[in-house]
S.K.: 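Take this structure first; my questions come after.
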Amino acid sequence: MPELPEVETTLRGIKPHIIGRKISEISVRNKNLRWPVSKRVYSIAGSKFNHIKRRGKYILIDVNDGTLLIHLGMSGSLRIVECDQEFRKHDHVDIKMDSGKSLRYHDPRRFGCVLFHLGNINNHKLLKHLGPEPLDEEFCGEFLYSKSRGRNVPIKQFIMNAQTVVGVGNIYACEALFFSGINPKRLASKISRERYNKLAENIKMVLQSSIEMGGTTLRDFVNEVGEPGYFKQSLMIYGREDEQCNKCSKAITRIIQTGRSTFYCSSCQR
DNA sequence: AAAACTACCTGAGTGC
DNA sequence: TGCACTCAGGTAGTTT
């Protein structure tokens with residue numbers, strides 16, 4: 001589910017409710033996420049949430065001398081609820097705070113994770129090999145161009161690879177390629193510098209506008225208070241098979257690339 | 001090193 | 001109703 005804008009929306013939403021708050025009690029109702037929930041998360045009881053940031057689609061919350069590392073997988077969400085609110089199905093982790101509210105992790109498919117790492121989080125194996133943040137300045141067309149030399153992989157896979165750049169999932173990859181007029185099947189090694197400049201700009205633009213609208217809700221993404229995001233209404237190409245392209249009116253095509261749906265306009269995207 | 005493939009899991013929707 | 005099947009926002013780990 002969540003790509004970068006949805007994770008950013010979640011982070012901004014929970015931040016004012018957790019920073020400086022003391023953690024009173026942790027409960028893990030189902031530890032079987034992608035990896036077992038760290039036993040160490042119990043050790044944060046009595047401490048305060050100090051700082052929260054995002055790296056790619058990972059949410060990192062500093063507590064004591066360690067960091068909570070949370071990923072929402074395909075179907076995860078984090079919400080702020082009253083401590084005494086009844087648990088719903090798939091509410092797996094609950095962190096009660098001295099405010100009377102809880103930070104609650106919900107994830108039907110359990111592809112996400114809740115881990116606790118002592119020491120410098122930048123050395124964590126899940127973060128070590130990640131590419132740059134797409135909204136940072138260092139991420140630009142020139143960067144994509146040089147990184148793509150010799151890469152015989154379709155451009156869509158290339159930009160969805162977290163080692164290339166983080167945070168670009170299936171929806172925003174399709175959208176950015178549409179705005180750039182690039183066929184998703186084109187090999188990364190065969191795209192010009194000029195087109196990469198355009199692509200990098202469009203990746204930034206698409207992610208930024210989605211963040212401004214609270215992210216994209218296809219079925220189950222909700223923010224910290226359980227509301228959906230509204231970027232779905234702005235999607236140009238994703239999920240619109242057989243509908244008319246907004247630029248040229250031709251029917252939108254859906255193909256499968258590495259097991260995932262790709263939507264594109266065969267006339268606008270070459 | 002890079003590309004292709006596997007695996008993890010539930011729920012919604014479709015067709016018979 | 002029920003069963004079988006497909007598809008869904010992600011990505012580490014394994015194999016080729």
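Order of the sequence lines fixes the chain letters, A, B, ..., with proteins taken first and strands second; residue numbering starts at 1 for each chain.
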S.K.: Output the single nucleotide from dA2(B), dA12(C), dG10(C) whose closest atom is nearest the side chain of R151(A).
M.R.: dA2(B)
S.K.: Within the supplied structure, the quantity of interest is the number of heavy atoms (other residues, nucleotides, ligands) at a distance under 6.0 Å from R40(A) CZ; does it exceed 12?
M.R.: no
S.K.: Checking K204(A) side chain against F139(A) main chain: does a donor-acceptor pair fall under 3.5 Å?
M.R.: yes
S.K.: Within this structure, what is the OH-to-P distance between Y58(A) and dG10(C), rounded to whole angstrom?
M.R.: 12 Å
S.K.: Cationic tip of R193(A) within the cone over Y145(A)'s six-membered ring, i.e. under 6.0 Å and within 45° of the normal?
M.R.: yes
S.K.: How does protein contact run along nucleotides 4-9 of chain B, one letter per nucleotide 5' to 3', with B for base contact, S for sugar-phosphate only, - for none, heavy atoms under 4.0 Å?
M.R.: ----BB
S.K.: Could you tell me how far apart Y172(A) (OH) and dG10(C) (C1') are, to the nearest whole angstrom?
M.R.: 14 Å
S.K.: From CG of N170(A) over to P of dA8(C), roughly how many Å is that when rounded to an integer?
M.R.: 8 Å
S.K.: Compare the minimum distances between each of dA8(C), dG9(C), dG13(C) and the side chain of S261(A), then state the nucleotide with the smallest one.
M.R.: dA8(C)
S.K.: Want to know the stems of DNA chain B: at least 3 consecutive Watson-Crick or G-U pairs with distances under 3.5 Å, which are they?
M.R.: B:2-8 with C:10-16, B:10-16 with C:2-8
S.K.: Nearest to the K89(A) side chain among dG13(C), dT11(C), dG11(B), which nucleotide is it?
M.R.: dG11(B)
S.K.: By the 4.0 Å heavy-atom rule, please label F158(A) as base, sugar-phosphate, or nothing.
M.R.: nothing
